[in-house]
Amino acid sequence: MPVEYREEFDALERACQERWERARASAAPVRPQGRKFYCLEMLPYPSGRLHMGHVRNYAIGDAVARFNRMRGFQVLHPMGWDSFGLPAENAAIKHGIHPARWTNENIAAMAAQLRRLGLSYDWEREIAAHRPEYYRWNQWFFLKMLERDLAYRSRRWVNWCSSCRTVLANEQVEAGRCWRCDSLVGRKELEQWFLRITRYAEELDAELDRLPGWPERVRAMQRNWIGKSQGALVRFPILDGPGQARAGALEVFTTRLDTIFGATFCVVAPGHPILASLPDGSPEKARVRAFEERAARRDVSRAGAEPEEKEGVDTGLRAQNPFSRERVPIWVANFVLMEYGTGAIMAVPAHDERDHEFARKYALPIRTVVVPPGSGQAAAAPQPAMVEDGVLVDSGEASGRTSAEARLILLRRGEEGGFATGTVRYRILDWGISRQRYWGTPIPVLYCDGCGVVPVPEADLPVVLPEDAPLTGEGGSPLAQVASFVNAPCPRCRRPARRETDTMDTFFDSSWYFYRYCDPRNDKAAFDPAIVGGWLPIDLYVGGITHATMHLIYCRFFAKVLRDIGLLERGEPIRNLLCQGMVLKGGTAMSKSKGNIVDPDDMVRRYGADTTRLFTLFAAPPEKDLEWNEKGVEGCFRFLEKIWRLVMPRASTLAAMALPAPRDGAEEPRLAALRRKVHQTIERVSVDVQKRLHLNTPVAAIMELLNATQEFERSATPKDGPYLKEACVTMALLLHPFAPHISEALWSALGGQGSVAEQPWPGADAGWLKEEQAEVVVQVNGRLRGRLVVPASLPEAEVLERARGDARLGALLAGRPVRKTIYLPGKLLNIVLE
RNA sequence: GCGAAAGUGGCGGAACUGGCAGACGCGCCGGACUUAGGAUCCGGUGGGGAAACCCAUGAGGGUUCGAAUCCCUCCUUUCGCACCA
């Protein structure tokens with residue numbers, strides 16, 4: 001009695017994994033020769049336990065990696081750890097475990113889980129962000145950016161999470177709440193290090209159009225985030241204010257210069273510098289100050305929430321519309337943002353909803369200057385605002401022109417007059433990277449009373465994170481309390497200086513790790529550009545959609561910086577991006593709080609790695625959410641059991657046989673049908689994985705082949721052996737990307753030499769893909785009326801004759817003139833009657 | 001509101017360039033083997049109809065010999081952005 005799969009899978013999978021490891025089956029060469037494929041999955045945070053989202057992510061990547069290895073590519077498929085960050089520090093505060101120990105133990109546990117899944121990583125390239133030999137290059141990149149004025153220090157209002165006691169990037173604030181702990185985000189003013197990502201805003205935006213291998217929604221999200229908008233800066237001279245006349249001008253940004261003759265007032269944001277010019281002691285100043293204080297208070301908890309009621313006060317300042325020469329009031333109001341544009345706007349209530357709402361509330365004038373094309377002069381103010389482009393009225397020389405023309409005409413005039421400039425603005429802000437945290441990369445600068453900000457010399461890198469910082473969760477940066485770290489001589493003057501005590505945002509770590517994988521043990525440089533040049537770009541990057549705007553913008557920014565430094569050839573590191581869907585249970589994401597977690601270890605114990613992986617691939621296409629279904633898992637397990645039961649009892653017999661010659665069996669329908677199915681399956685699996693990146697349909701195709709082979713086997717005689725063998729061997733090969741362990745067992749049982757992983761991917765024989773006897777679908781007036789089995793090459797006229805000869809079809813066609821026919825050879829005949 | 005994606009059996013999903021709707025799996029129904037079956041194997045399974053046929057891919061229209069697929073209008077869901085001037 002042969003061994004059942006149920007009893008065998010665990011030992012079998014472990015044995016395979018040991019063999020692969022011993023044989024270094026997944027090791028990539030230093031430099032690829034010939035065709036290369038860089039297959040990458042997003043760097044995980046070592047939380048300590050794998051979840052199903054990880055398993056799905058890695059099963060997808062591994063299927064693609066194994067497939068391409070068999071296709072003869074040299075595949076780089078690495079894995080590592082995004083091992084700096086808050087949870088390690090929180091664990092230290094809560095349980096008194098040192099972050100390093102916690103992190104290392106978690107890495108060991110998760111690496112063991114990954115190994116048990118049989119993922120084909122080149123573990124010799126493993127990296128971890130918290131190791132000095134890695135983060136030293138963070139520091140080196142930071143120094144390079146400092147040299148190029150891409151890193152700078154600035155005092156700025158930042159998002160402050162009082163629970164995590166740290167600064168958050170805008171991207172880390174979701175609807176006014178901390179992306180990790182979900183508590184309300186406040187504001188605080190701090191000296192921060194920034195990276196000048198805005199210098200690359202234009203390129204980051206423009207190149208989105210040249211990333212055809214990226215999902216449209218990710219590109220849309222990035223476009224939105226970068227927020228490019230074309231417009232003009234217009235200077236409104238200040239005419240007078242409370243108590244006195246004054247010089248100067250208010251600069252506003254607008255994308256609707258065509259509406260400028262309708263600008264009946266200006267609005268500045270709270271905190272706008274012009275407000276400081278109000279004379280102390282004036283009632284206007286008091287009014288404005290009171291308003292600003294109210295606005296600032298509200299700002300703290302409302303960031304990202306619903307827009308609030310528009311409010312403002314008249315500053316008493318008056319400016320002149322440089323186009324219409326009209327005198328307009330300047331207001332301060334809560335709906336204008338200091339962070340965007342110039343922090344000041346011209347308000348055109350007739351043609352902007354927000355301005356309209358504000359003007360109604362405070363009874364400010366509303367003047368129509370754009371009307372829909374074809375309508376005459378509009379007298380009354382539109383209600384609500386008419387925001388679309390149209391034709392201008394009451395706008396001087398631009399009257400009668402379209403909005404688009406008017407924008408050009410007015411801009412030219414403004415430029416000639418010296419009061420307007422065409423410009424482009426971006427919503428994206430510079431990337432604040434300072435974190436008041438311990439478990440991160442120390443920022444390599446010192447502060448010297450004599451020399452100011454002094455970078456740590458390259459030769460002194462890495463600035464190593466001290467081990468003994470007090471982690472209490474209170475106070476500012478833990479490093480500030482480590483005297484032996486803080487106090488260091490100034491590299492320039494040698495006098496006592498203080499080290500920077502903030503650490504880097506961990507997105508810095510993950511912005512360049514995929515270069516390091518190419519050259520992971522280099523201790524002279526972050527990487528050798530020649531080696532990286534051979535492997536990049538990443539041919540497939542698989543990860544969650546959650547990183548669409550943060551990680552995936554930062555790493556594009558890094559690529560451009562590294563290109564400009566001369567380390568990279570290209571500024572876009574990722575050719576194809578696959579954002580896999582979430583793994584759900586009961587319609588929602590698995591989470592501890594919902595108690596709906598499915599434990600990967602548990603699945604592997606009960607069904608094995610192959611089944612667990614197979615289910616995550618089979619149940620849904622990669623980019624869609626996947627609903628976990630235990631019955632579906634059992635279905636996948638049954639599939640592997642069936643193939644096992646088909647092959648194993650016959651394996652030794654089949655192993656002794658030869659495969660059939662290329663055209664053998666062509667005359668006998670049973671044999672031909674099986675061979676055709678074999679080759680059609682090869683074709684389907686190959687095309688779906690390679691061209692469409694669909695992994696559920698290839699699995700389904702192999703299941704079909706199994707069903708066909710089982711049926712064939714039931715009526716098989718000993719002389720059918722070679723054909724049965726061909727089907728079984730093909731299944732063993734095709735299955736390898738999806739269920740690699742069982743494929744090895746089937747392969748060697750069938751007499752295969754070496755590992756399946758080393759076999760060339762089977763090619764479909766074109767001769768078997770063509771059906772010789774084709775089933776032609778016959779339609780009458782576009783409706784399905786019958787089928788005919790005919791030789792595939794039969795001419796149209798004869799197919800029509802046979803249709804007439806068919807009892808049922810003949811009856812339908814009899815006596816009715818044919819207007820025309822449409823014939824797809826071997827597939828379909830549509831007979832259109834009068 | 002703006003942007004993106006998606007609506008197909010009881011469920012997950014398939015249908016590549018417009019050409020047999022529902023592959024494959026789950027579930028369900030029936031049968032075989034069995035002391036038993038929640039194991040295994042075989043058969044069936046969109047709806048209506050005795051049948052010929054008819055109806056059916058969110059709704060309605062259109063293009064076409066032919067539409068799940070293309071076009072228009074609308075509805076719903078998910079995601080992202082949201083006072084960005």
Side-chain angles (χ1 to χ4, degrees), chain A residues 4 6 174-175 215-225 227-229 231 252-256 259 267 269 304-310 333-337 339-348 352-355 357-358 387 425-428 545-546 548-549 581-582 614-615 618-621 623-636 638-639 641-642 645 684 687-688 691-692 694 696-707 710-711 714 775-787 808 811 819-824 827-833:
Chain A
E4 286 284 330
R6 192 173 290 277
E174 294 165 352
E216 179 53 40
R217 67 180 162 148
V218 174
R219 289 189 285 166
M221 281 161 78
Q222 294 210 353
R223 215 171 271 125
N224 207 310
W225 190 260
K228 178 177 179 175
S229 74
V252 304
F253 175 67
T254 179
T255 57
R256 291 299 305 275
T259 64
V267 188
E306 278 287 289
E308 59 194 324
E309 171 83 15
K310 291 182 179 35
N334 60 351
F335 72 96
V336 175
L337 309 174
E339 299 84 36
Y340 185 77
T342 61
I345 62 159
M346 63 177 209
V348 185
D352 182 282
E353 275 162 20
R354 297 150 303 176
D355 300 348
E357 188 188 330
F358 192 77
V387 297
R425 292 279 134 154
Y426 302 90
R427 199 176 315 171
I428 192 171
I545 186 74
T546 39
T549 46
M582 291 188 300
L614 199 60
F615 176 73
F618 176 65
E623 67 278 4
K624 283 189 68 170
D625 286 351
L626 182 153
E627 175 68 31
W628 196 264
N629 173 5
E630 186 91 20
K631 293 285 191 196
V633 179
E634 285 172 16
C636 288
R638 264 200 299 274
F639 163 60
E641 278 189 309
K642 279 192 231 173
R645 280 188 204 132
R684 272 180 70 187
V687 168
D688 280 4
K691 298 222 175 77
R692 303 205 301 162
H694 277 209
N696 53 333
T697 45
V699 175
I702 301 169
M703 288 175 171
E704 277 188 59
L705 177 57
L706 172 64
N707 293 343
Q710 276 183 322
E711 203 177 317
R714 251 175 258 140
E775 190 181 60
V776 174
V777 172
V778 182
Q779 297 180 335
V780 177
N781 290 336
R783 306 194 68 110
L784 178 67
R785 286 296 182 252
R787 295 150 205 274
R808 193 168 143 223
R819 183 149 62 96
K820 70 177 196 177
T821 56
I822 291 102
Y823 184 58
L824 275 76
K827 282 183 88 174
L828 176 137
L829 176 70
N830 187 10
I831 304 161
V832 185
L833 302 173

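Order of the sequence lines sets the chain letters (A, B, ...), proteins ahead of strands, with each chain counted from 1.
- Mapping Met221(A) and Cys636(A) onto RNA chain B by nearest heavy atom places Cys636(A) at the nucleotide closer to the 5' end.
- How far CD1 of Ile702(A) is from OG1 of Thr697(A): 10.0 Å, rounded to the nearest 0.5 Å.
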Do nucleotides 40-55 of chain B as a string where each nucleotide becomes B, S or -: B if the base has a protein heavy atom under 4.0 Å, S if just the sugar-phosphate does, - if no protein is that close.
SSS----------SSS

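- Atom CD1 in Ile822(A) sits about 9 Å away from atom C1' in U64(B), given to the nearest Å.
- Both Ser229(A) and Arg787(A) sit near RNA chain B, but only Arg787(A) has its closest nucleotide nearer the 5' end.
- Only the P atoms considered, G7(B) is 8 Å distant from G58(B), to the nearest whole Å.
- Taking the side chain of Asn830(A) as heavy atoms from C-beta on, and the options A85(B), C24(B), G19(B), the nearest nucleotide is G19(B).
- Using C1' as the reference atom, G9(B) and U45(B) are 10 Å apart when rounded to the nearest Å.
- Between Ser229(A) and Tyr340(A) there is a side-chain heavy-atom pair separated by less than 4.5 Å.
- Spacing of P atoms, C11(B) relative to G48(B), comes out at 16 Å, to the nearest Å.
- Counting only heavy atoms from C-beta outward, the side chains of Ile545(A) and Glu623(A) never approach each other to under 4.5 Å.
- By the rule that a glycosidic angle within 90° of 0 means syn, G60(B) does not qualify and counts as anti.
- Remark: Glu216(A) CD is packed, more than 12 non-hydrogen atoms of other residues, nucleotides or ligands lying under 6.0 Å away.
- The interatomic distance linking Leu828(A) (CG) with G19(B) (P) rounds to 10 Å, in whole Å.
- Separating the OG1 atom in Thr549(A) from the CD1 atom in Ile428(A) is a distance of 9.5 Å, to the nearest 0.5 Å.
- Residue contacts for Asp355(A): at a heavy-atom cut-off of 4.0 Å it reaches no nucleic acid atom on any strand shown.
- Regarding contacts with the backbone of G19(B), every side-chain N or O of Lys827(A) stays at 4.0 angstrom or more from both OP1 and OP2.
- Using a 4.0 Å heavy-atom criterion, one finds that Gly227(A) contacts no nucleic acid atom at all.
- The Glu216(A) side chain lies nearest to A5(B) when the options are A5(B), G19(B), C24(B).
- Rounded to whole Å, the distance from CD on Gln779(A) to C1' on A21(B) is 13 Å.
- Atom CG of Leu829(A) is separated from atom P of C20(B) by 14 Å (rounded to the nearest Å).
- With rounding to the nearest 0.5 Å, the separation of CG in Leu829(A) from CZ in Arg787(A) is 14.0 Å.
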How does RNA chain B look in dot-bracket form if you count Watson-Crick and G-U pairs under 3.5 Å, write [ ] for pairs that cross, and put | where a base pairs with another strand?
(((((((..(((......[....)))((((((.......))))))(((....)))..(((((..]....))))))))))))....

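- Between the CG atom of Asn781(A) and the C1' atom of G66(B) there is a distance of 10 Å, rounded to whole Å.
- The base of C81(B) does not come close enough to the side chain of Asn224(A) for any donor and acceptor atom to sit less than 3.5 Å apart.
- Under the 4.5 Å side-chain criterion, counting only non-hydrogen atoms from C-beta, Ile345(A) is not in contact with Thr254(A).
- Contact of Glu353(A) with G1(B) (side chain to base): no donor-acceptor pair of N or O atoms is detected under 3.5 Å.
- Atom-to-atom distance recorded for Arg638(A):CZ and Met703(A):CE is 10.0 Å, nearest 0.5 angstrom.
- Taking 4.5 Å as the limit, some side-chain heavy atom of Lys642(A) sits within range of a side-chain heavy atom of Gln710(A).
- Considering only heavy atoms from C-beta on, Arg645(A) comes within 4.5 Å of Glu4(A) through its side chain.
- Taking atom CH2 of Trp225(A) as the reference point, atom P of C79(B) lies 18 Å away to the nearest angstrom.
- Comparing the P positions of C16(B) and G22(B) gives an interatomic distance of 13 Å, to the nearest angstrom.
- Of the charged side-chain nitrogens involved, none lies within less than 4.0 Å of a carboxylate oxygen, so that Arg427(A) and Glu339(A) do not count as a salt-bridged pair.
- Separation of atoms CD (Glu309(A)) and CZ (Phe358(A)) is listed at 10.0 Å; rounding is to 0.5 Å.
- Atom name P, nucleotides G18(B) and C71(B): the rounded distance is 11 Å, in whole Å.
- Among the atoms of the strands shown, none is found under 4.0 Å from any heavy atom of Val267(A).
- The nearest whole Å value for the distance from the CZ atom in Phe615(A) to the C1' atom in C24(B) is 13 Å.
- At most 12 heavy atoms of other shown residues, nucleotides or ligands fall within 6.0 angstrom of atom CD in Glu353(A).
- Classification of Asp688(A) and Arg692(A) as a salt-bridged pair holds, one side-chain N sitting under 4.0 Å from a carboxylate O.
- Atom-to-atom, CG of Leu614(A) to C1' of C24(B) comes out at 12 Å; the value is rounded to the nearest Å.
- On the C1' atoms, A68(B) is 15 Å away from A23(B), given to the nearest whole Å.
- Distance check on atom P: C24(B) versus G44(B) gives 11 Å, rounded to whole Å.
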For each nucleotide in nucleotides 7-16 of chain B, reading 5' to 3', give B when a protein heavy atom comes within less than 4.0 Å of its base, S when such contact involves only the sugar-phosphate, and - otherwise.
-----BSSSS

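- Rounded to whole Å, the separation between the P atoms of C70(B) and A6(B) comes to 10 Å.
- Residue Val832(A) is in sugar-phosphate contact alone, with no base atom involved, counting any heavy-atom pair closer than 4.0 Å across all strands shown.
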